[in-house]
Amino acid sequence: MKNNLLKLTAISALCMTGLFTNITAKELTEEQDYELTLKALPELADDIKNSSLNKSAAIRMKCYVDTAAYDLYTYDFCFSAALPRTTSAVFSIDNVPAGSTVIWSNSSCNSSSFCIIPIRHYQPLSVNATVLKPNGTYSTVSATAYYEGFD
């Protein structure tokens with residue numbers, strides 16, 4: 001009993017010390033954060049440090065095929081299956097800089113970063129878009145939607 005009381009007191013003291021200890025964290029600089037990232041991902045360090053790497057990769061296209069299920073976006077391609085022969089493929093572009101113009105390969109799409117196009121069973125739908133940035137550069141992104149039936 002005396003041993004249990006001693007353990008309980010020691011544990012309580014440690015818990016109370018944790019409650020009243022002033023814990024502070026220092027925010028990392030961008031350079032420190034970058035170096036930690038490279039150390040955490042050594043397999044990508046060479047690609048990240050490579051100056052010829054396409055730095056515009058942050059602009060990406062994602063899509064989903066609209067069904068009665070809870071559909072989620074996926075990057076570069078999307079797939080779904082359902083009974084209706086026709087549904088919609090929804091395409092969206094992430095990280096479009098403010099003031100950019102988007103030129104879609106499909107004439108049903110307007111110049112926003114979002115597009116909905118009808119899709120039929122077994123007819124893959126590929127969409128490309130060129131993002132013209134305000135600084136005079138551009139990025140090209142694409143995604144393909146697949147829709148299959150249960151027949």
Side-chain angles (χ1 to χ4, degrees), residues 11-12 14-151:
I11 292 172
S12 296
L14 287 173
C15 289
M16 293 304 284
T17 303
L19 283 176
F20 296 113
T21 302
N22 197 8
I23 299 173
T24 58
K26 188 174 101 177
E27 187 174 352
L28 294 175
T29 64
E30 285 185 28
E31 186 175 307
Q32 290 170 326
D33 190 32
Y34 177 76
E35 290 301 320
L36 284 174
T37 302
L38 290 181
K39 287 178 184 173
L41 302 168
E43 64 276 8
L44 299 178
D46 291 338
D47 289 340
I48 292 171
K49 288 182 178 181
N50 184 354
S51 62
S52 66
L53 185 67
N54 181 1
K55 302 294 184 189
S56 65
I59 298 176
R60 297 178 67 189
M61 188 182 296
K62 59 187 178 182
C63 65
Y64 69 86
V65 178
D66 192 25
T67 65
Y70 182 72
D71 303 304
L72 298 172
Y73 279 109
T74 54
Y75 287 101
D76 305 324
F77 71 93
C78 50
F79 170 83
S80 195
L83 288 174
R85 293 195 184 278
T86 304
T87 189
S88 299
V90 181
F91 296 89
S92 180
I93 305 173
D94 280 350
N95 304 318
V96 175
S100 296
T101 302
V102 179
I103 303 170
W104 293 88
S105 63
N106 191 300
S107 61
S108 337
C109 303
N110 60 20
S111 63
S112 74
S113 60
F114 182 83
C115 182
I116 301 173
I117 304 171
I119 187 170
R120 295 183 54 82
H121 281 171
Y122 310 110
Q123 294 181 354
L125 178 61
S126 293
V127 175
N128 299 314
T130 302
V131 179
L132 303 173
K133 302 174 195 172
N135 66 3
T137 63
Y138 70 92
S139 293
T140 302
V141 292
S142 64
T144 301
Y146 298 95
Y147 181 51
E148 294 186 5
F150 293 123
D151 43 280

Exercise: identify the closest heavy-atom pair between [X] and [Y]:
X      : Y      : value
Ile59  : Pro97  : CD1-CD, 3.8 Å
Phe77  : Cys63  : C-SG, 3.7 Å
Phe91  : Ala143 : CE2-O, 3.8 Å
Tyr147 : Ala82  : OH-CB, 3.5 Å
Trp104 : Ser113 : CZ2-C, 3.8 Å
Val102 : Ile93  : CG1-CD1, 3.7 Å

Kindly indicate whether the side chain of [X], heavy atoms from C-beta on, has any atom under 4.5 Å from the side chain of [Y].
X      : Y     : value
Asp94  : Tyr75 : yes
Pro118 : Ser88 : no
Val90  : Tyr73 : yes

From [atom1] ([X]) to [atom2] ([Y]), nearest 0.5 Å:
X      : Y      : atom1 : atom2 : result
Thr144 : Leu125 : OG1   : CG    : 8.0 Å
Thr74  : Tyr64  : OG1   : OH    : 11.5 Å
Cys109 : Phe114 : SG    : CZ    : 10.0 Å
Ser80  : Ile119 : OG    : CD1   : 9.5 Å

(Q) Tell me whether His121 contacts the main-chain N or O of Pro84 through its side chain, where contact means a donor paired with an acceptor under 3.5 Å. (A)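 Yes; at least one donor-acceptor contact below 3.5 Å.
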
Q | Ser92 side-chain N/O to Lys62 backbone N/O, donor-acceptor pair under 3.5 Å | A |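 Not at all, since once roles are kept as given, no pair shorter than 3.5 Å links the two residues.
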
**Q.** Full working for side-chain contact (heavy atoms from CB on, under 4.5 Å) between Met61 and Asn128
**A.** CA-CA 9 Å; Met61 188 182 296; Asn128 299 314; over 6 Å; no

Q.
Just to verify, what does Thr140 make a side chain to side chain contact (heavy atoms under 4.5 Å, CB included) with, not counting sequence neighbours?
A.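 Side chain to side chain contact (heavy atoms under 4.5 Å, CB included) list for Thr140, sorted by chain: Thr130, Tyr138.
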
Q | For Ser142, side-chain hydrogen bond (donor to acceptor under 3.5 Å, both in side chains) partners two or more places apart | A |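 side-chain hydrogen bond (donor to acceptor under 3.5 Å, both in side chains) check on Ser142 returns nothing, list empty.
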
